[in-house]
Amino acid sequence: FVAVISALGLMLGVAVLVVVLSVMNGFERELRSRMLAVTSHATLTGLEGALPDWRAVQRRALGLPGVTHAVPFVASQAMVANGARVLGAAVRGVDPALEIGASGLAEHISGGRLTDLQPGAWRIVLGKTLAVELGVSPGDTVVLIAPEGSATPEGMVPRMRRVTVAGTLDSGMYEFDRGLALLHIADAARLYRFGDEVSGVRLTLADPLDAPRAVR
């Protein structure tokens, strides 16, 4: 009897250990895959709001061991309006051709494709929750209101642009699905008057845990 109880206790302990380790590993893998589909492994940004000579920075980053992609981006804030519904969002200007290889954004877009974001087309991809709260779907239009204004004889007027919803982003992370909007990098640079500059360069590494060393 004692031998049987000992064997059963050992079996139960090993089974619990295996199950707990499997759950934790699966949770970590799922969390990492969802977060890194939207965020970058590392980001290089300018101290004054724009990254000077970003092409040289991009070339230098790509020359580092372990860095697989270095993608420029434009980032700012905006209000997104649909009628009386107005919500804040973080706007990220991306280059679809570079972004597809560098991240998993394209895999989480529904109702359209990331490549639908073309320069001058003024299309936008909204987080799924953000689109629901605004009451819009792919094909509808919303008004993008930039925080910076333009000087007119009547005073400062916010810069506004009507854009077409090209799709929705469903990353599974509420923080991004509720507060992220994607534009083509050229349209974002024009709206926020970045000219030929960008906010920074997002890096993708072969080993995400190597990001601190690579950034330094």
Side-chain angles (χ1 to χ4, degrees), residues 30-45 49-51 69 71-82 85-119 121-148 158-192 194 198-204 208 211:
E30 183 70 14
L31 183 64
R32 178 181 296 183
S33 64
R34 290 190 179 189
M35 291 185 65
L36 295 183
V38 183
T39 61
S40 56
H41 298 169
T43 305
L44 304 175
T45 58
L51 184 64
H69 298 84
V71 181
F73 71 96
V74 170
S76 190
Q77 303 291 322
M79 302 295 290
V80 186
N82 177 37
R85 302 180 182 181
V86 182
L87 297 172
V91 177
R92 183 190 300 171
V94 300
D95 186 333
L98 299 177
E99 201 72 36
I100 288 177
S103 69
L105 272 177
E107 302 172 3
H108 297 275
I109 293 178
S110 58
R113 297 172 298 176
L114 188 62
T115 52
D116 291 336
L117 301 180
Q118 296 293 328
W122 293 104
R123 298 191 183 103
I124 193 170
V125 172
L126 299 176
K128 182 179 180 180
T129 306
L130 180 62
V132 170
E133 294 188 9
L134 286 170
V136 296
S137 56
D140 295 337
T141 60
V142 295
V143 176
L144 203 60
I145 307 171
E148 298 87 357
R159 291 200 300 273
M160 296 183 291
R161 185 77 195 197
R162 184 171 293 276
V163 295
T164 302
V165 179
T168 57
L169 174 67
D170 185 9
S171 67
M173 301 288 291
Y174 179 81
E175 177 183 358
F176 301 119
D177 294 343
R178 170 58 179 77
L180 184 62
L182 304 176
L183 277 176
H184 191 279
I185 189 170
D187 293 343
R190 181 179 175 186
L191 178 65
Y192 294 104
F194 270 75
V198 298
S199 299
V201 175
R202 301 170 62 238
L203 305 182
T204 302

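- Within the 3.5 Å criterion, the main-chain N or O of Q77 finds a donor-acceptor partner in the side chain of Y192.
- Shown here are the side-chain contact (heavy atoms from CB on, under 4.5 Å) partners of I145, two or more places apart in sequence or in another chain: M79, A81, V143, P158, M160.
- When the side chain to side chain donor-acceptor pair (under 3.5 Å) test is applied to R178, the partners found at least two apart in sequence or on another chain are E133.
- Every residue meeting the side-chain contact (heavy atoms from CB on, under 4.5 Å) condition with T45, not counting sequence neighbours, appears here in chain and number order: T43, F73.
- With D177 contributing its side chain and S171 its backbone, the two residues share a donor-acceptor pair below 3.5 Å.
- With sequence neighbours excluded, the residues satisfying side chain to side chain donor-acceptor pair (under 3.5 Å) with S137 are D140.
- The side chain to side chain donor-acceptor pair (under 3.5 Å) test applied to T141 returns R162, not counting sequence neighbours.
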Compile the donor-acceptor pairs under 3.5 Å between side chains in residues 180-189 and protein atoms, sequence neighbours left out, one pair per line.
residue, atom, partner, partner atom, Å
H184, ND1, A186, N, 3.0
D187, OD1, G120, N, 2.8
D187, OD2, W122, N, 3.3

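- Side-chain contact between T204 and V71 is absent, with no heavy-atom pair separated by less than 4.5 Å.
- Not a single side chain to side chain donor-acceptor pair (under 3.5 Å) links Q118 to another residue, sequence neighbours left out.
- Residue pairs that meet the salt bridge (charged side-chain N to carboxylate O under 4.0 Å, His left out) test with at least one member in residues 96-119, sequence neighbours left out, are E99-R202, R113-D116.
- Residue pairs meeting the salt bridge (charged side-chain N to carboxylate O under 4.0 Å, His left out) criterion with at least one partner in residues 164-174, sequence neighbours excluded, are K128-D170.
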